[in-house]
Asker: 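Structure below; questions to follow.
Since this is a predicted model, take the numbers as computed values, not measurements. Quick note: numbers below take in every heavy atom, side chains included, and nothing from hydrogens, waters or symmetry partners. Sequential numbering from 1 along the given sequence is applied to the chain's residues.
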Amino acid sequence: MIEQELKKMIIERYSSLSRFADEIDMAWTTLDGVLKRGVNKANITSLIKICNGLNIDCESLYYGRILPKQELLTSTPFNENEIDHLKKYRSLDDYGKKAVDALVDIEYERRSEPKEYIQLLPPIVIPSYGHIASAGTGQYIFDDIPPMMIEIENTIENQEVSFAIDVNGDSMEPTYHDEDTLLVKKQSTLNVGEIGIFMINGEAYVKELGKDALISHNKNYKDIELTENTICIGKVVGVK
């Protein structure tokens with residue numbers, strides 16, 4: 001049985017089950033339960049810990065073989081959800097497996113040629129407000145400024161873009177430069193560390209949101225303290 005082979009390997013490498021359990025941060029009773037009940041009934045997290053501790057392949061162990069870890073083509077190990085899917089797939093009958101296989105084939109084909117799919121979509125047209133987002137000392141906000149309509153590529157990422165705005169100044173260098181066209185998603189709040197467009201006393205700035213200040217990436221500029229007059233207009237999500 002595979003559990004006996006596994007137990008033998010553990011004892012050969014670690015002298016005892018309890019020592020191995022300590023090494024992989026697992027309760028000895030949990031390890032003992034896996035070996036007695038079978039690896040197919042093991043908790044996913046426990047299975048991964050055992051395989052990592054012995055440097056063996058999790059998928060192979062689940063299917064009853066002990067093999068060293070192999071470099072996959074993707075160079076990405078299976079995560080817990082993927083292993084859980086494998087367990088569920090194995091429990092299906094032939095009809096269920098054929099249904100899952102058909103769906104996977106359809107989705108794989110759809111994802112294999114994303115660029116050709118996107119090229120069939122028309123470009124996204126958004127308003128652009130020109131040089132009014134200051135990366136310097138401030139620029140008046142653009143409520144009453146008629147925008148110019150521009151086209152951007154129709155991608156999943158760009159579908160959330162609300163408008164474009166040009167950088168005016170060098171306070172955000174080297175991240176953004178004077179005359180860069182920023183793509184902005186309208187939203188009233190940001191997480192610390194994100195870059196957005198902010199209005200302060202009627203002037204617009206492009207800055208990184210800090211804990212208690214708006215941060216310039218160019219160290220020649222001072223940060224701007226956050227006050228009740230600081231309003232977030234949107235989040236910078238890209239550059240045209």
Side-chain angles (χ1 to χ4, degrees), residues 76 79 81-82 103 106-240:
T76 303
N79 59 38
N81 286 336
E82 290 167 338
L103 179 59
I106 292 172
E107 284 300 294
Y108 180 78
E109 183 176 351
R110 181 180 70 86
R111 294 292 295 168
S112 294
E113 300 178 353
K115 291 184 179 179
E116 292 185 11
Y117 172 76
I118 291 174
Q119 286 173 353
L120 298 176
L121 298 176
I124 298 173
V125 179
I126 59 172
S128 176
Y129 290 93
H131 291 77
I132 57 175
S134 175
T137 57
Q139 193 76 20
Y140 287 108
I141 197 58
F142 45 92
D143 287 340
D144 57 350
I145 298 177
M148 176 179 68
M149 305 307 292
I150 64 172
E151 295 181 351
I152 59 176
E153 185 179 359
N154 195 336
T155 65
I156 294 176
E157 293 78 11
N158 283 349
Q159 288 175 8
E160 66 177 4
V161 174
S162 305
F163 62 89
I165 190 169
D166 291 348
V167 175
N168 183 16
D170 62 355
S171 72
M172 288 301 288
E173 292 184 353
T175 306
Y176 300 123
H177 302 275
D178 187 31
E179 299 189 355
D180 279 352
T181 298
L182 306 181
L183 305 179
V184 182
K185 175 186 177 183
K186 284 185 178 179
Q187 57 186 67
S188 59
T189 60
L190 293 182
N191 295 320
V192 172
E194 292 180 331
I195 296 175
I197 307 298
F198 299 89
M199 183 176 73
I200 304 174
N201 298 325
E203 297 182 331
Y205 295 82
V206 52
K207 301 292 180 185
E208 176 186 329
L209 178 63
K211 185 176 181 180
D212 51 18
L214 299 179
I215 300 170
S216 299
H217 288 187
N218 185 336
K219 299 308 177 183
N220 291 326
Y221 290 80
K222 294 182 179 180
D223 296 340
I224 302 174
E225 182 180 359
L226 291 174
T227 69
E228 60 182 9
N229 296 321
T230 305
I231 300 174
C232 176
I233 299 173
K235 174 183 175 182
V236 177
V237 296
V239 181
K240 187 177 183 301

Asker: Name all residues meeting the side chain to side chain donor-acceptor pair (under 3.5 Å) criterion together with T181; count only those two or more places apart in sequence or in a different chain, and write none if there are none.
Answerer: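 Partners of T181 under the side chain to side chain donor-acceptor pair (under 3.5 Å) test: D166.
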Asker: List the atom of A164, the atom of L183, and the distance in Å for their closest heavy-atom pair.
Answerer: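 Heavy atoms of A164 and L183 come nearest at CB-CD2, 4.2 Å.
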Asker: How would you list, by chain and number, every residue that makes a side-chain contact (heavy atoms from CB on, under 4.5 Å) with Q159, sequence neighbours excluded?
Answerer: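 Residues passing side-chain contact (heavy atoms from CB on, under 4.5 Å) with Q159: I124, N154.
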Asker: For a quick test of reading the model, state the closest non-hydrogen atom pair linking I215 to G210 and the distance between them.
Answerer: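 Reported closest heavy-atom pair: CD1-CA, 3.7 Å.
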Asker: For the OH atom of Y205 and the CD1 atom of I224, what is their distance to the nearest 0.5 Å?
Answerer: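 CD1 of I224 is found 5.0 Å from OH of Y205.
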Asker: Search all heavy atoms of M172 against all heavy atoms of E208 and return the closest pair with its distance.
Answerer: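 It is CE-N, 4.0 Å.
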Asker: Just wondering, do N220 and D170 contact through their side chains at under 4.5 Å, heavy atoms?
Answerer: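 No, their side chains stay 4.5 Å or more apart.
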Asker: Please tell me whether S216 and K207 have a donor and an acceptor in their side chains that are separated by less than 3.5 angstrom.
Answerer: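 Checked: S216/K207 side chains pair up, N/O donor to acceptor below 3.5 Å.
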Asker: Heavy atoms only: give me the nearest S162-P127 pair and the separation to one decimal.
Answerer: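 Taking every non-hydrogen atom into account, O-CD, 3.5 Å.
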Asker: Can you check whether I233 reaches F163 side chain to side chain, under 4.5 Å on heavy atoms?
Answerer: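 SC-SC contact between I233 and F163 confirmed.
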Asker: Looking at side-chain heavy atoms only, is the closest gap between I150 and K240 below 4.5 Å?
Answerer: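 In short, these two side chains touch, coming nearer than 4.5 Å.
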Asker: Provide the closest heavy-atom pair for D178 versus E173 in the form atom of the first, atom of the second, distance.
Answerer: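 In this case the closest contact between D178 and E173 is N-OE2, 4.2 Å.
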Asker: Nearest 0.5 Å, please: how far is CG in N168 from CG in D180?
Answerer: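 So the gap between those two atoms works out to 12.0 Å.
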Asker: Which heavy atom in S188 sits nearest to a heavy atom in C232, and how many Å separate them?
Answerer: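 In terms of heavy atoms, the two residues are closest at O-CB, 3.3 Å.
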Asker: So, taking the atom named CG in L190 and the one named CG in L209, what distance separates them when rounded to the nearest 0.5 Å?
Answerer: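 L190 atom CG to L209 atom CG measures 6.0 Å (nearest 0.5 Å).
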Asker: Tell me which donor-acceptor pairs under 3.5 Å the side chains of residues 192-200 have, and how far apart each pair is, sequence neighbours excluded?
Answerer:
residue, atom, partner, partner atom, Å
E194, OE1, N191, N, 2.9
E194, OE2, K235, NZ, 3.2

Asker: To the nearest 0.5 Å, what is the distance between NZ (K219) and NE2 (H217)?
Answerer: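 Answer for the NZ-NE2 pair, K219 versus H217, is 7.0 Å.
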